[in-house]
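Below is one structure, written out as structure tokens; the observations come after it.
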Amino acid sequence: MEYVSPEGLRLDGRRPMEMRQIRAEIGTIMKADGSAVFEMGNTKVVAAVYGPREVQNRGQQISDKALVRCEYSMANFSTGDRMRKPKGDRRSTEISLVIRQTMEESILTHLMPRSQIDIYVQVLQADGGTRSACINAATLALADAGIPMRDLVTSCSAGYLNSTPLLDLNYVEDSAGGPDVTLGILPKLDKVTLLQMDSKLPIDIFENVMQLATEGCKAVANYIRELLLENTKELEYRRGV
Amino acid sequence: MRGLQLPLSQTQKIRLQRALEQLESLSSKVNSDASVTVSDSIPVNYEDSILKGHGTQDLNGQVVATVCGVVERVNKFVYVRALRARYKPETGDIVIGRVIEVAPKRWRVEINYRHDAVLMLSSMNLPDGIQRRRTAVDELNMRSIFEENDVICAEIRDSQHDSVHLQARSQKYGKLNRGQLLTITPYLVKRQKQHFHYLEQYGIDLILGCNGFIWVGEHVEVTDDMVEDQGNKSGTSLTSLEVQERSYTPIETRQYICRTANAVRVLSTLGFNITLEVIKETIDLSLSVNLDIHDMLGSEFCVLVAEREAERRSSVKKR
């Protein structure tokens with residue numbers, strides 16, 4: 001199948017190096033300590049953070065740092081064919097673990113010993129790149145909850161189809177079976193916290209693809225930072241003195 | 001932007017926008033670069049030695065924020081004051097909490113901190129007001145003072161490391177009855193001299209807990225049992241009618257409780273600082289436009305409150 005037309009356009013009309021439109025909203029869930037909705041094109045994810053709070057299961061308490069937990073789920077209506085997925089299937093367990101490890105790396109857990117931070121992410125609409133969208137939403141929610149972090153974590157995916165590197169794959173391109181790199185970076189520290197790839201790529205092409213994904217992550221980071229700054233200013237001026 | 005989850009008509013939207021813009025222009029800190037987000041570097045004078053406080057970290061010699069908030073400077077000391085975060089206890093704060101466990105010699109109280117607070121049996125006055133050593137009998141009767149899920153009011157005695165100790169050594173502290181508990185984000189409550197308020201014209205008590213828990217309830221007369229003489233003790237055997245009268249809250253008071261609670265709710269959804277005078281003004285506003293209690297949470301009143309607040313702040317500024 002042809003994923004990039006001779007004119008250099010992808011199936012949804014984007015250029016190979018073009019991202020889908022991103023949009024985010026902070027503070028969507030009233031009850032949570034921090035929450036956010038993140039959209040990348042048609043992919044829509046909601047994240048909620050509770051904590052730091054008292055550890056629910058005393059046996060899991062860590063004496064010198066906070067316990068970070070993450071639960072990923074997909075709404076039944078998020079995909080085209082409505083499937084009843086059992087909670088805790090292999091895919092969602094894996095993604096929960098990935099998100100947890102990525103976020104834990106950036107949270108300054110040693111400042112909140114013997115407490116627990118819960119991150120809940122749910123996919124409301126799935127159109128490829130849910131992993132990246134979940135990480136971006138979780139970052140926003142954590143920042144909203146006022147949890148101290150080393151740096152923001154931002155994530156973006158990239159692939160390689162029809163011998164062209166493509167940024168931010170959608171569902172159709174994702175299911176083509178080609179290489180799919182999901183990258184998570186700390187933009188300020190310029191470090192990689194997450195790197196996953198399906199199938200194989202030659203090393204020189206991989207570098208190109210990863211470079212593209214890094215650019216994508218940085219674009220997301222700029223957007224997120226702007227949004228957070230605007231939100232902080234608004235909270236401050238509304239409060240008055 | 002933190003969106004309001006209210007259906008606004010076109011004119012209401014414009015009015016709200018205008019009020020918020022006015023508020024923005026009135027704020028002194030917006031135009032300066034005081035607001036930072038995670039991983040923004042904070043400009044400091046590196047020639048001086050500086051002290052880094054909460055919300056900052058060192059990154060290759062730069063001072064970098066770790067939370068979203070407002071940069072505060074005190075001489076050499078630089079820290080970031082986080083907005084929307086959990087409550088951080090300070091000694092002497094008045095807080096409201098919910099008892100979640102009755103443990104040996106202590107109650108564990110949820111106060112919106114990352115750990116539960118502890119109220120020792122020995123750090124509160126006994127109901128009969130006698131000062132004495134707590135015995136094993138007192139310990140067994142702890143549930144007669146507070147039970148699980150009771151809402152109580154207390155003061156922070158100390159918060160070292162992670163354990164927060166509470167004390168309730170006065171009659172004004174203790175169990176809260178007949179009212180509503182509201183939960184708002186703690187940064188909206190400012191520490192003040194007075195946190196207990198008695199709104200006489202409505203006959204209600206208002207307690208602004210520093211931890212973002214707010215109590216609105218029927219007024220209770222604070223009697224210091226210590227001064228009370230023995231003669232009054234016979235009054236404890238009340239007739240059933242008197243008991244019934246005591247447990248009854250008049251309908252007007254209940255309405256005022258709801259009105260006050262809704263005023264606080266509106267203010268907190270708009271993200272305005274919550275003080276006694278603002279709450280009073282909001283109640284007066286709702287009464288002056290003859291609004292039903294349930295309509296106070298509607299979009300029209302929300303816009304009205306925003307406009308009124310903009311007006312108030314500009315008049316304060318002019319003075």
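Chain A is the first sequence line, chain B the second, and so forth, proteins listed ahead of strands; every chain is numbered from 1. Since the model is a prediction, treat every value here as computed from it, not as a measurement.
Most heavy-atom pairs under 4.5 Å with chain B: of the set A:Glu54, A:Met112, A:Arg53, this distinction falls to A:Glu54. Note on B:Asp40, B:Val64, B:Leu188, B:Thr183: by heavy-atom pairs under 4.5 Å with chain A, the leading option is B:Asp40. If you tally non-hydrogen atom pairs under 4.5 Å between each of A:Asp33, A:Asp151, A:Leu228 and chain B, the highest count goes to A:Asp33. Chosen from B:Ala82, B:Gly69, B:Gly271, the residue pairing most often with chain A at heavy-atom distances under 4.5 Å is B:Gly271.
Counting non-hydrogen atoms of other residues, nucleotides and ligands closer than 6.0 Å to CZ of A:Phe206 gives a total above 12. At most 12 heavy atoms of other shown residues, nucleotides or ligands fall within 6.0 angstrom of atom CD in A:Gln21. Within a 6.0 Å radius of NZ in A:Lys188, more than 12 heavy atoms belonging to other residues, nucleotides or ligands are found. Atom CD of B:Gln17 has 12 or fewer heavy atoms from other residues, nucleotides or ligands within 6.0 Å. Under a cut-off of 6.0 angstrom, the local environment of NE2 in B:His54 is sparse, with at most 12 non-hydrogen atoms contributed by other residues, nucleotides or ligands. In the displayed structure, A:Glu226 atom CD is contacted under 6.0 Å by at most 12 heavy atoms of other residues, nucleotides or ligands. Atom CZ of B:Arg18 is surrounded by 12 or fewer heavy atoms from other residues, nucleotides or ligands within 6.0 Å.
Side-chain atoms of A:Arg238 come within 3.5 Å of backbone N or O of B:Leu270 as a donor-acceptor pair.
Here the CD-OG distance, from A:Glu234 to B:Ser35, works out to 11.5 Å after rounding to the nearest 0.5 Å.
When heavy atoms are compared at a cutoff of 4.5 Å, B:Thr185 does not approach chain A at all. Both the backbone and the side chain of A:Ala143 come within contact range of chain B, judged by heavy atoms closer than 4.5 Å. Proximity to chain A (any heavy atom under 4.5 Å) is restricted, for B:Arg108, to the side chain, taken from C-beta onward. Residue contact with chain B, scored on non-hydrogen atoms closer than 4.5 Å, involves the backbone and the side chain of A:Leu152 alike. When heavy atoms are compared at a cutoff of 4.5 Å, A:Leu111 approaches chain B solely by way of its backbone atoms N, CA, C and O. When heavy atoms are compared at a cutoff of 4.5 Å, B:Leu23 approaches chain A by way of both its backbone and its side chain. Of the atoms belonging to A:Leu186, not a single heavy atom falls under 4.5 Å from chain B. Interface residue B:Tyr113: only backbone heavy atoms are found under 4.5 Å from chain A. For B:Gln22, no part lies near chain A; criterion is any non-hydrogen pair under 4.5 Å.
Residues B:Arg114 and A:Pro113 are in side-chain contact: their nearest non-hydrogen atoms beyond the backbone lie under 4.5 Å apart. At least one side-chain heavy atom of A:Thr232 sits less than 4.5 Å from a side-chain heavy atom of B:Leu83. Side-chain contact between A:Tyr237 and B:Leu26 is absent, with no heavy-atom pair separated by less than 4.5 Å.
When all heavy atoms of B:Arg84 and A:Ala32 are compared, the closest pair comes out as NH2-O, 3.7 Å. Looking at every heavy atom in both residues, A:Arg225 comes nearest to B:Ser39 through NH2-OG, 2.8 Å. In terms of heavy atoms, A:Arg239 sits closest to B:Arg313 at O-NH2, 3.3 Å. Annotation for B:His115 and A:Arg114: closest pair CE1-O, 2.7 Å, computed over non-hydrogen atoms.
Of the listed residues (B:Val67, B:Val38, B:Thr56), just one forms a side-chain contact (heavy atoms from CB on, under 4.5 Å) with A:Pro148, and that residue is B:Val67.
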